[in-house]
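So that the names make sense, note that chain A is the first sequence line, chain B the second, and so on, each numbered from 1. Values reported hereafter were calculated over all heavy atoms of this structure, with side chains retained and with hydrogens, waters and symmetry mates removed. As the structure is a prediction and not an experimental result, all values here were calculated from the model.
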Amino acid sequence: MIYTPIDTSFYKAPVLELAQNLLGHYIVHEQPDGILAARIVETEAYRGPEDQAAHSFGNRRTKRTDIMFGAAGSVYTYRMHTHTLVNVVGGPIDTPHAILIRAVEPIEGLEQMRENRGVQLKMHDWTNGPGKLTKAMGITMDYYGHHWSKKPLFIAEGAGVGKIVVGPRVGIGNSGEAVHYPWRFYEKDNPFVSKYRA
DNA sequence: CGGGTGATAGACT
DNA sequence: GTCTATCACCCGG
């Protein structure tokens with residue numbers, strides 16, 4: 001299977017639209033040992049300045065959040081203890097919006113994903129969480145500031161998506177009103193969507 | 001050196 | 001399904 005990166009204009013849509021548009025597309029990671037591809041099935045939007053759950057709330061700008069003030073389509077990775085989480089930057093320059101990739105569905109490079117995750121795990125546990133999918137696909141902090149339209153790590157046109165479900169976001173703790181914003185999007189009945197904990 | 005940053009694996013019910 | 005112990009790095013001061 002040959003994959004082609006989506007043009008940068010794709011990322012210029014309003015961030016809530018972009019979060020939904022990403023569903024069904026492929027994340028592709030070209031590695032020396034082979035190609036890894038997975039379908040995006042769950043995303044969450046974060047709208048920097050006015051969203052208490054975002055790292056960039058109130059335009060908080062540090063070296064860590066700096067990339068979110070950059071061009072739409074940039075890769076924002078951050079480390080959560082043992083896990084790396086990956087985001088797609090949205091919004092215009094100086095508007096720190098981002099979309100967290102929460103779950104993907106393995107498409108190609110299954111053997112390598114299995115090795116990355118541990119051979120004893122069931123397939124549905126490979127990528128059904130934001131920390132899991134980065135490990136399965138070999139995405140590391142080295143990609144901080146990379147752009148999703150460039151190889152070896154890019155997003156490619158998918159083959160469509162099923163019914164999209166909208167709901168509140170996960171794991172954002174006490175973030176005031178922002179907790180209730182329906183900014184989580186996922187494909188209905190997809191077994192790789194991460195489970196919601198109330 | 002202290003604060004910021006939630007998800008994971010596995011045990012239990 | 002539900003619970004919870006455990007997990008590490010980056011940054012600013």
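Here the side chain of A/S56 pairs a donor or acceptor atom with the backbone of A/P96 at under 3.5 angstrom. With hydrogens and angles ignored, the 3.5 Å screen pairs no side-chain donor or acceptor of A/H29 with any backbone N or O of A/L153.
Rounded to an integer number of Å, the gap from A/L100 CG to B/dT5 P is 15 Å. In this structure, A/K132 atom NZ and B/dG6 atom P are separated by 18 Å, rounded to whole Å.
For the atom pair CG (A/D33) and CD (A/Q112), the distance works out to 5.0 Å, reported to the nearest 0.5 Å.
Ring orientation note: the planes of A/H146 and A/Y143 are nearly perpendicular, at an angle over 60° on the 30°/60° scale.
Contact check for A/N116 versus A/M137: no side-chain heavy atoms found under the 4.5 Å cut-off.
Comment: A/E30 engages A/K151 in a salt bridge, judged by a side-chain N to carboxylate O separation of less than 4.0 angstrom.
A/Y144 is linked by a ring-ring contact (aromatic ring centres under 6.0 Å, His included) to nothing, counting only residues two or more places apart in sequence or in another chain. The side chain to side chain contact (heavy atoms under 4.5 Å, CB included) check on A/E108 picks up A/M1, A/Y3, A/I35, A/A37, with sequence neighbours excluded.
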Please list each protein N or O that sits under 3.5 Å from an N or O in nucleotides 6-10 of chain C, with the distance.
unit_1	atom_1	unit_2	atom_2	d
C/dA8	O4'	A/H81	O	3.4
C/dA8	N1	A/H81	ND1	3.4

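The stretch residues 110-130 of chain A touches DNA chain B through A/R117, A/G129, A/P130, each having a heavy atom under 4.0 angstrom from the strand. For residues 185-193 of chain A, proximity to DNA chain B is found at no residue, defined as any non-hydrogen atom under 4.0 angstrom from a strand atom.
Residue pairs satisfying the ring-ring contact (aromatic ring centres under 6.0 Å, His included) criterion with at least one member in residues 77-111 of chain A, sequence neighbours excluded, are listed as follows: A/H55-A/Y78, A/Y76-A/Y78.
Geometrically, A/R102 does not engage A/Y186 in a cation-pi contact defined by less than 6.0 Å to the ring centre and at most 45° from the axis.
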